[in-house]
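The next block holds one structure in the form of structure tokens; read it before the comments.
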Protein chains: 2
Amino acid sequence: MTAQKNDKKNDRSSRTTGKPTLNDVARSAGVSPITASRALRGVSTVAEGLAEKVRQAAADLGYVANPAARALASKQSHNIVVLVPSLANQLFIETLEAIHAVMHPRGLEVLIGNYHYSRDEEENLLRNYLAYQPRGLLLTGFDRTESARRMIEASGVPAVYMMDLDPGAGLHCVGFSQIRAGEAAARHLLKSGRKRLAYIGAQLDQRTLLRGEGYRRALQQAGCYDPALEVLTPRPSSVGLGGELFRQLLASHPQVEGIFFGNDDLAHGALLEAMRHGIRIPEQVAVLGFNDLPSSEFMVPRLSSIRTPRKAIGTHAAERLLDLINDKPVNAPVMDLGFELMVRESS
Amino acid sequence: MTAQKNDKKNDRSSRTTGKPTLNDVARSAGVSPITASRALRGVSTVAEGLAEKVRQAAADLGYVANPAARALASKQSHNIVVLVPSLANQLFIETLEAIHAVMHPRGLEVLIGNYHYSRDEEENLLRNYLAYQPRGLLLTGFDRTESARRMIEASGVPAVYMMDLDPGAGLHCVGFSQIRAGEAAARHLLKSGRKRLAYIGAQLDQRTLLRGEGYRRALQQAGCYDPALEVLTPRPSSVGLGGELFRQLLASHPQVEGIFFGNDDLAHGALLEAMRHGIRIPEQVAVLGFNDLPSSEFMVPRLSSIRTPRKAIGTHAAERLLDLINDKPVNAPVMDLGFELMVRESS
DNA sequence: CTGAAAGCGCTTACAG
DNA sequence: CTGAAAGCGCTTACAG
């Protein structure tokens, strides 16, 4: 027995899809296709009686508009393109879900592009997705190629930038200050009187670097910045890597008193490694994470972290984009959602 | 300063998009649009000289084909639709990435639909996405509404089912036997002589239930099945939930000797909770997880788990789908990729 | 409030 | 190997 019926697919005798079209609906409702189109879209004024008949006919036939035809005729799709650097990071999933929750009820399809922290890949995705004539663009951060920047500008498609803030540039952005978050992390660790503080960051995307910069600034201000205690690697962030880097740092600098990790998973790895080797947290070394993933509060000891508003970022970025699409007036382009220091047991 | 230039978007004076079209490319290359189309798609035989001229012209103009027009004319999109029950679970992300890696180089766009473990949501997604005339469908498991099943069948779009196997149904599926995986888990725990064994599952999607069933069968066969030790909850799986359920089970049944968790994150929560309360793993209770997430081997103690081939599932499901799309002969519809028991410190 | 005509940007089917 | 004509299924712009 063959596993798949391909009757329709192989039927090349006609150029039609075989699905009911607007014409079918119109005929069945006894109106012209234009009226059917208007009734279904709820635009223009169609007599309520007719509109109802059309909707009924559409429902009876199981009519679903062909998005390709619609996009071609109106030169507008119902697509929103979201570009994120990673799906492996739980953080972006939560943002994506929030975006979907505001777009979907409005009939907008969310196309997700993952550029794997690669500027070139982002540029390619942009080129491809722009061909789909999206209604709007939701982008992550500001670190992209010149040519990507130009494409966005030239497309005229409304765009909102998520995660970081870029005051002054005039771009619409929803997020929080990565630099200030890094500073807050440092200040928290300094408050306990610790001086030998380290930063461990991976992936080295712009936001990780910015967090590091804020951290550095605060330490410099406190007069205790030591470049040797800044551990940066381009390797992707993971629990395993966190443990490895933690071990190495303690081996080379046993006197470290506190570590700020650019990501929670890195910090998880450190906590686990500490446990394995009997290193007492926070007595010997304080540990502070970033993002406050759902599992962080269940770590042993419970991980202190900086909670970031990634769900709210998704929601507000999506709503802002909707405003731009609908030409609604917007007060200020920059929307700062802040962050929250969660002090638990590890620091 | 307004944040967004909307010149093009607001230009309603013409019905065109302003982007270069096939016609522009053809004119610039001095050929007819059909020839340009053929040259760009690499179909039919176009004299190499002309083809090269066309490609050059397209590159010069920065031409990108309009997918809507293409889909409308050819009644075939370049879309592959993938429907997964969750993005929160790292597992599906890995599968998605693998799918993307085989589809993208072939010019196919992967549309991701997340139905949040809801049959109704999956049915809606299917209805919407089918309107996009996808080239193929990649679906998760077999648990769906009758009407979703009919839509798939009626659409004639080739489909491959991922994760579980369904021998005999004739559907193309790539995965492993969830039941046998559950049995293997039970047998492993039994081998150490432990008899009072529990299963803790959350979310209660079909695969979690199937794992439980396999587990139950094996215990019944060994004559030590106790329904009181089967803990099932529809709540979504998480580290926090794992700890909570673990604590409750030990409180009500202190004599439990081993626990199989339907998901690694649940098991992580248990390990952490055990550590917090000084419960020795595996001496007092053995713990076995499922999926073998990347962080599992770094837990304390290192988590034993059943490793599932989610990346390979994505790769092979995608390749199988490509075969179906291209009408290549397929030997057997069922592709069993198996699973692997990873015995570490927790069991 | 409703509709006939034209067009969106491609590809198909048919010629040559 | 190349092209003129027609058409995919919608919506726009223009009438009435």
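Reminder, nothing fancy here: chain letters follow the sequence lines and each chain counts from 1. It should be emphasised that the depicted structure is a prediction, and the values quoted were computed from it without experimental measurement.
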Can a side-chain donor-acceptor contact be found between E121(A) and H116(A) if the only test is distance below 3.5 angstrom?
yes
Among the nucleotides dT11(D), dT11(C), dT2(D), whichever has the atom closest to the side chain of L22(A) is dT11(D)
First of R38(B) and V64(B) reached from the 5' end of DNA chain C, by closest nucleotide:
V64(B)
Tell me whether E48(B) is salt-bridged to K53(B), with the criterion being a basic N under 4.0 Å from an acidic carboxylate O.
no
Would you mind reporting whether V31(B) and V54(B) have side-chain heavy atoms less than 4.5 Å apart?
yes
Minimum-distance nucleotide (side-chain atoms of A69(B) versus dA4(D), dC10(C), dC8(C)):
dC10(C)
Regarding the side chain of A65(B), the nearest nucleotide among dT11(D), dC8(D), dC10(C) is dC10(C)
It should be established whether R70(A) places a side-chain nitrogen or oxygen under 4.0 Å from OP1 or OP2 of nucleotide dG9(D).
no
Winner on side-chain proximity to A47(B), out of dC1(D), dA13(D), dC10(C), is dC1(D)
Applying a 3.5 angstrom cut-off to the pairing atoms, does DNA chain D sit in any stems of at least three consecutive Watson-Crick or G-U pairs? List them by first number.
C:1-3 with D:14-16, C:5-12 with D:5-12, C:14-16 with D:1-3
Shortest non-hydrogen contact between C173(A) and D166(A), atoms and distance:
SG-N, 3.5 Å
Think S74(A) has a side-chain N or O under 4.0 angstrom from the OP1 or OP2 of dT11(D)?
no
Between E94(A) and R310(A), does at least one N-O distance fall below 4.0 Å, as a salt bridge requires?
yes
What integer distance in Å separates I34(A):CD1 from dT12(D):C1'?
11 Å
dA4(D), dC10(C), dG9(D): which one has an atom nearest the side-chain heavy atoms of N66(A)?
dG9(D)
Do E146(B) and R149(B) meet the salt-bridge criterion of a basic N to acidic O distance under 4.0 Å?
yes
Atom CD of Q76(A) to atom C1' of dC8(C): distance rounded to whole Å?
13 Å
